[in-house]
Amino acid sequence: MSETVQVIRTEYEGVVEVRLNRPDKMNALDTGMFTNLANVGEELKKDPTLRAVVISGEGRCFCAGLDMGNFSKMAEGGGAGVAGNGLEPRTHGDSNLAQYVAMVWREVPVPVIAAVHGVCFGGGLQIALGADVRFATPDSQWAVMEIKWGLVPDMGGMVLLNELVRPDVFRELCYTGRVLSGQEAGELGMVTHIGGNPREEALAMAQTIAGKSPDAIRAMKRMLNNAITPKEHAARILLEESREQDRIIGSPNQVEAVYANLEKRAPKFADPEV
């Protein structure tokens, strides 16, 4: 497996740590990292010895979101999707590849715990939301960042964030893209536990879970997944995410949003067609 995604067998039996490992790029997601995360998820799904998973980020943050190179491609008229082939095709069950790196943690049959420090933006936020439980520092930073680039959340965010916060809060975070502290994210329901050492605290919870009956834990995860957002409902929302994003990517206003951010100026948007 590429070193950009490390799979670490911890000292606790049955507990695996998945570590995002592009610290020089703030663990930003490029095409290779999408593929590596999906492959890791697939391997973990098949591991009968697995009891719990912790997802963490190497270096000074969890994940800054999509790699800047992808936004430069959009400004140059690059195609939609991680591979440039559009987002609507379902390549991973009910998901495309970009959605799968967040949704796969629901499919991993044991509890997945995210340990977040530093920034957790855009795609990184959606990966963290795919976990069952989230630990974070009070000064970590969280944002639904897609609106900054003229986009919509399209990595499962419309399923995952909707489960955690009130509808009006959900709308505000999507519309504004404002940055929340970990403390506020916890108060709004996005973070489960606030503490000084999320990774150690997440590993401690994983160890506790690993000591429970694996049959009961796996059965509960299956039941909870369907109780919170039934599979058929999630599938419909995921497809709509992709359809809307495909319509937006490369449009004049989306390209203008990218250029305005790259050039550090105010955007000049055209009125949409009515």
Side-chain angles (χ1 to χ4, degrees), residues 1-30 32-65 100-121 123-137 140-142 155-156 160 182 185-186 190-212 214 217-218 220-221 224-225:
M1 188 57 57
S2 167
E3 291 184 356
T4 63
V5 180
Q6 294 181 329
V7 179
I8 301 166
R9 299 282 168 176
T10 73
E11 61 185 294
Y12 310 123
E13 185 175 357
V15 176
V16 167
E17 183 176 6
V18 176
R19 186 175 297 167
L20 310 182
N21 189 39
R22 293 184 77 207
D24 57 322
K25 300 292 186 180
M26 299 180 70
N27 298 322
L29 302 164
D30 63 1
M33 205 165 176
F34 277 101
T35 300
N36 293 334
L37 279 166
N39 290 342
V40 165
E42 282 295 304
E43 289 302 311
L44 293 178
K45 284 165 60 175
K46 297 181 288 188
D47 184 353
T49 71
L50 194 65
R51 299 290 183 265
V53 177
V54 171
I55 308 176
S56 65
E58 184 65 32
R60 55 198 176 100
C61 73
F62 180 76
C63 178
Y100 192 63
V101 301
M103 299 303 295
V104 69
W105 310 112
R106 291 292 174 89
E107 297 182 17
V108 170
V110 301
V112 177
I113 306 166
V116 176
H117 71 291
V119 301
C120 183
F121 290 163
L125 171 73
Q126 289 166 94
I127 290 171
L129 297 182
D132 296 83
V133 175
R134 282 154 295 284
F135 286 80
T137 59
S140 56
Q141 296 180 290
W142 300 66
M155 287 176 55
L160 301 169
M190 296 164 63
V191 175
T192 318
H193 296 285
I194 299 295
N197 195 327
R199 180 173 170 270
E200 291 303 318
E201 293 158 7
L203 287 169
M205 177 178 280
Q207 182 186 17
T208 297
I209 292 169
K212 311 298 184 185
I217 290 291
R218 289 178 178 233
M220 280 192 286
K221 178 146 184 180
L224 288 165
N225 280 347

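These values consider heavy atoms only, across backbone and side chains, with no hydrogens, waters or symmetry-generated copies. Numbering of residues begins at 1 and proceeds along the displayed sequence.
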Taking side-chain contact (heavy atoms from CB on, under 4.5 Å) as the test, write out the residues that go with I217, two or more places apart.
P111, I209, K212, M220

Is there a donor-acceptor contact under 3.5 Å from the side chain of N27 to the main chain of F62?
yes

Could you go through the side chain to side chain donor-acceptor pair (under 3.5 Å) check for N21 and T4 one step at a time?
CA-CA 4 Å; N21 189 39; T4 63; over 6 Å; no

Spatial distance of atom CG (L29) from atom CE (M155) [nearest 0.5 Å]:
5.5 Å

Restricting to side-chain contact (heavy atoms from CB on, under 4.5 Å), what partner residues turn up for R106, sequence neighbours left out?
L160, E163, N225

Using side-chain contact (heavy atoms from CB on, under 4.5 Å), reason through L44 and V18 one step at a time and then give a plain yes or no.
CA-CA 10 Å; L44 293 178; V18 176; 3.8 Å; yes

Is the closest side-chain heavy-atom distance between Y100 and V104 below 4.5 Å?
yes

What heavy-atom pair brings L37 and L20 nearest, and what distance separates the two atoms?
CD2-CD2, 3.6 Å

State, to 0.1 Å, how close C120 and A128 come at their nearest heavy-atom pair, and which atoms those are.
SG-CB, 3.9 Å

Backbone of A28 reached by a side-chain donor or acceptor of R22 within 3.5 Å:
yes

Check for a donor-acceptor pair, side chain of T49 on one end and backbone N or O of G14 on the other, with a separation under 3.5 Å.
no

Could you pull out the closest heavy-atom pair between G59 and P23, with the gap in Å?
CA-CB, 4.1 Å

Does the side chain of V16 reach to within under 4.5 Å of the side chain of R51, using non-hydrogen atoms?
no

If we only count heavy atoms from C-beta on, is the M205 to V133 side-chain gap below 4.5 Å?
yes

Test of understanding: with salt bridge (Lys or Arg N to Asp or Glu O under 4.0 Å), list the residues that count as partners of E13, not counting sequence neighbours.
none

side-chain contact (heavy atoms from CB on, under 4.5 Å) for L125 and M190? Distances and angles first, verdict last.
CA-CA 10 Å; L125 171 73; M190 296 164 63; 3.6 Å; yes

So which heavy atom on V191 is nearest to which on W142, and how close?
CG2-CZ2, 3.3 Å

Tell me the salt bridge (charged side-chain N to carboxylate O under 4.0 Å, His left out) pairs involving residues 191-200, sequence neighbours left out?
E17-R199

Which heavy-atom pair separates V15 from A210 by the least distance, and what is that distance?
CG2-CB, 3.9 Å

Sorted by chain and residue number, the side-chain contact (heavy atoms from CB on, under 4.5 Å) partners of R218 (sequence neighbours excluded) come out as L50, P109, V110, R222

Approximate separation, where rounding is to 0.5 Å, of H117 NE2 and S140 OG:
9.5 Å

Shortest non-hydrogen contact from I194 toward T137
CG2-C, 4.3 Å

With sequence neighbours excluded, what pairs up with V112 under the side-chain contact (heavy atoms from CB on, under 4.5 Å) test?
V53, I55, W105, V108, A131, D132, K221

Drop me the distance from H193's NE2 to F135's CZ, to the nearest 0.5 angstrom.
4.5 Å

Separation between CE (M33) and OG1 (T35), nearest 0.5 Å, reads 11.5 Å

Output yes when a side-chain donor or acceptor of T192 lies under 3.5 Å from a complementary backbone atom of R134, and no otherwise.
yes

